[in-house]
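All remarks here apply to the structure that follows.
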2 protein chains.
Amino acid sequence: MRVVPLSPPSDVSRRGIPEATVARLPIYHRVLSHLAERGVATVSSEELAAASGVTSAKLRKDLSHLGSYGTRGVGYDTEYLVYQIARELGLTQDWRVVIVGVGNLGHALANYGGFASRGFRVVGLVDADPLRVGERIPAGRDGELIEVRPLVELETVVLDGEASIGVIATPASAAQAVCDRLVSAGVTSILNFAPAVLSTPAGVDVRKVDLATELQILAFHEQRKHPEVRA
Amino acid sequence: MRVVPLSPPSDVSRRGIPEATVARLPIYHRVLSHLAERGVATVSSEELAAASGVTSAKLRKDLSHLGSYGTRGVGYDTEYLVYQIARELGLTQDWRVVIVGVGNLGHALANYGGFASRGFRVVGLVDADPLRVGERIPAGRDGELIEVRPLVELETVVLDGEASIGVIATPASAAQAVCDRLVSAGVTSILNFAPAVLSTPAGVDVRKVDLATELQILAFHEQRKHPEVRA
DNA sequence: AGATGTGAACCAATTCACAGCA
DNA sequence: TGCTGTGAATTGGTTCACATCT
């Protein structure tokens with residue numbers, strides 16, 4: 001049945017941006033930032049799309065979900081659009097992040113430039129290994145040193161740091177337990193690098209980044225390119 | 001056991017598995033491997049789906065694209081299904097991988113267990129930093145030591161190692177140049193960790209893993225959970 | 001003229017619900 | 001009886017093509 005759109009027909013941006021669009025906004029944001037730095041004042045959908053690796057139709061449709069921020073016959077004002085996307089993504093706030101697991105991957109995350117650069121602040125590092133506890137790691141762009149705290153203090157670190165985002169960079173075997181503790185300490189968004197499926201209560205978002213999965217997807221397509229071997 | 005179809009059965013699995021399905025096969029594969037290790041002989045779609053974080057309807061539809069490997073009223077034979085998925089994904093071959101950029105992230109990738117565990121072999125490490133060149137890094141499960149080679153030797157490393165997959169873990173500024181060189185040396189699949197959009201000729205697959213993007217997507221949803229601030 | 005913004009058509013993926021088989 | 005496998009319905013996303021506005 002199609003009828004009632006209930007409340008919000010009126011204005012342009014009725015709440016609810018398609019998930020596929022949300023996933024591309026960070027790319028547009030990064031590309032636009034670079035353009036702005038280089039002093040480019042306006043871009044057409046065609047140019048921005050090419051630089052972002054999408055089609056111009058898709059780009060325009062994506063941006064249309066945010067509002068009418070372009071000028072017909074001209075294009076988009078770079079600075080203005082960067083700001084609008086940043087606002088939509090919530091990059092104007094600063095998000096406090098705790099990283100659990102400070103092996104090579106955790107280290108890489110802690111001093112990853114893009115991490116701190118856009119509104120994310122590492123406020124805590126936790127590790128189970130006593131040898132790593134106490135180490136001071138430069139986290140974020142400003143290179144502020146953060147001390148690695150023992151696993152037992154996970155809750156304290158989250159609470160004291162008022163973190164709402166947790167990053168899990170532990171072995172798979174520890175991931176669910178760490179997740180549970182992060183959630184009970186108040187974390188409501190989790191980025192999971194451990195190759196494990198996490199279950200969380202409703203209201204907690206989880207995104208996973210799985211290196212092995214990505215490689216396997218590549219392998220699948222690679223296999224089809226060479227119809228040589230028929231096992 | 002089962003009646004082995006050996007050669008592609010020609011009928012059920014017409015070529016062309018949906019991309020969304022391909023992206024989930026690695027998860028099923030991992031979950032099934034664990035079940036098999038624990039001695040579980042059969043699983044229902046309901047159980048496997050729960051352990052994989054999907055719905056049972058989706059799981060059955062996914063598996064149906066591979067063939068009819070289940071038994072009505074019973075479920076799926078764990079070992080058998082692991083093998084079928086592995087074959088479909090090409091995990092029965094061994095894929096040779098070169099990693100460019102051996103910072104923290106590159107290190108993490110090189111000795112990531114899941115890397116070597118399922119048919120992927122690191123055959124080369126390359127870095128632009130003279131201080132890192134010469135270092136020997138234990139890559140993969142068997143801990144084989146691989147020496148970091150200078151950037152000028154990138155092509156040699158790819159050719160000698162007969163690598164078809166390249167991993168880019170360099171700064172964004174170097175990514176496109178590295179990509180071009182990998183491709184011209186014969187790499188046809190690329191996993192890109194640098195926050196940059198890569199362009200490649202047709203026939204070369206690129207997948208990207210972007211930490212900043214993932215965090216920004218989380219932030220977007222996080223923002224909507226707390227309708228406090230209205231900027 | 002030259003670009004955006006968007007309905008309409010199209011295509012892909014998910015969900016539903018049940019027929020079919022062990 | 002119980003669970004798989006799958007058409008049909010639905011939802012979500014992409015592409016097309018053009019009306020609209022500067």
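All values reported here derive from a predicted model rather than from experimental measurement. Naming: A, B, ... by sequence-line order, numbering from 1 per chain.
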query = So, is T55(A) close to the dT15(D) phosphate, meaning a side-chain N or O under 4.0 Å from OP1 or OP2?
reply = yes
ask   = Does S44(A) put a side-chain nitrogen or oxygen below 4.0 Å from OP1 or OP2 of dA3(C)?
value = no
task = When you get a sec, tell me which of dT6(D), dG5(C), dT4(C) is the closest nucleotide to the side chain of S68(A)?
result = dG5(C)
message = Within a 6.0 Å radius of atom CD on E19(B), are there more than 12 heavy atoms belonging to other residues, nucleotides or ligands?
response = yes
Rounded interatomic separation in angstrom, taking [atom1] from [X] and [atom2] from [N]:
X	N	atom1	atom2	result
Y80(A)	dT4(C)	OH	P	16 Å
L66(B)	dG5(D)	CG	C1'	13 Å
I17(B)	dA13(C)	CD1	P	12 Å
R60(B)	dG20(C)	CZ	C1'	13 Å
E46(A)	dA1(C)	CD	P	19 Å
Y76(B)	dC21(C)	OH	C1'	13 Å
D77(A)	dA3(C)	CG	P	17 Å
L63(B)	dG5(D)	CG	C1'	10 Å

ask   = Looking at residues at least two apart in the chain, or sitting in another chain, which of them share a salt bridge (Lys or Arg N to Asp or Glu O under 4.0 Å) with D77(A)?
value = none
ask   = Does a side-chain N-to-carboxylate-O contact under 4.0 Å join E88(A) and R24(A)?
value =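 Answer for the salt bridge query: no.
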ask   = Between E222(B) and R207(A), does at least one N-O distance fall below 4.0 Å, as a salt bridge requires?
value = no
Atom pairs, protein N/O to nucleotides 19-22 of chain D N/O, distance under 3.5 Å:
{"residue": "dT20(D)", "atom": "O2", "partner": "R72(A)", "partner atom": "NH1", "Å": "2.6"}

ask   = On DNA chain D, nearest-nucleotide positions of A57(A) versus V43(B): which is more 5'?
value = V43(B)
key: With sequence neighbours excluded, residues passing side-chain hydrogen bond (donor to acceptor under 3.5 Å, both in side chains) with Q176(B)   =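 For Q176(B), the residues satisfying side-chain hydrogen bond (donor to acceptor under 3.5 Å, both in side chains) (neighbours in sequence not counted) are D180(B).
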Please tabulate, for the side chains in residues 192-201 of chain B, all donor-acceptor contacts under 3.5 angstrom to protein atoms that are two or more places apart in sequence or on a different chain.
{"residue": "N192(B)", "atom": "OD1", "partner": "A194(B)", "partner atom": "N", "Å": "2.9"}
{"residue": "N192(B)", "atom": "ND2", "partner": "A194(B)", "partner atom": "O", "Å": "3.2"}
{"residue": "N192(B)", "atom": "ND2", "partner": "A196(B)", "partner atom": "O", "Å": "3.1"}

query = Pairs in or reaching into residues 33-42 of chain B: which pass side-chain hydrogen bond (donor to acceptor under 3.5 Å, both in side chains), with residues at least two apart or in two chains?
reply = none
ask   = Got a donor-acceptor contact below 3.5 angstrom from the H29(B) side chain to the L25(B) backbone?
value = no
ask   = Would you say the side chains of T92(A) and R87(A) form a donor-acceptor pair under 3.5 Å?
value =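 Judged by distance alone, the side chains do not pair up.
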Dump the pairs, protein N or O against N or O of nucleotides 12-14 of chain D, anything under 3.5 Å, distances to one decimal.
{"residue": "dT14(D)", "atom": "OP1", "partner": "R24(A)", "partner atom": "NH1", "Å": "3.0"}
{"residue": "dT14(D)", "atom": "OP2", "partner": "R24(A)", "partner atom": "NH2", "Å": "2.9"}

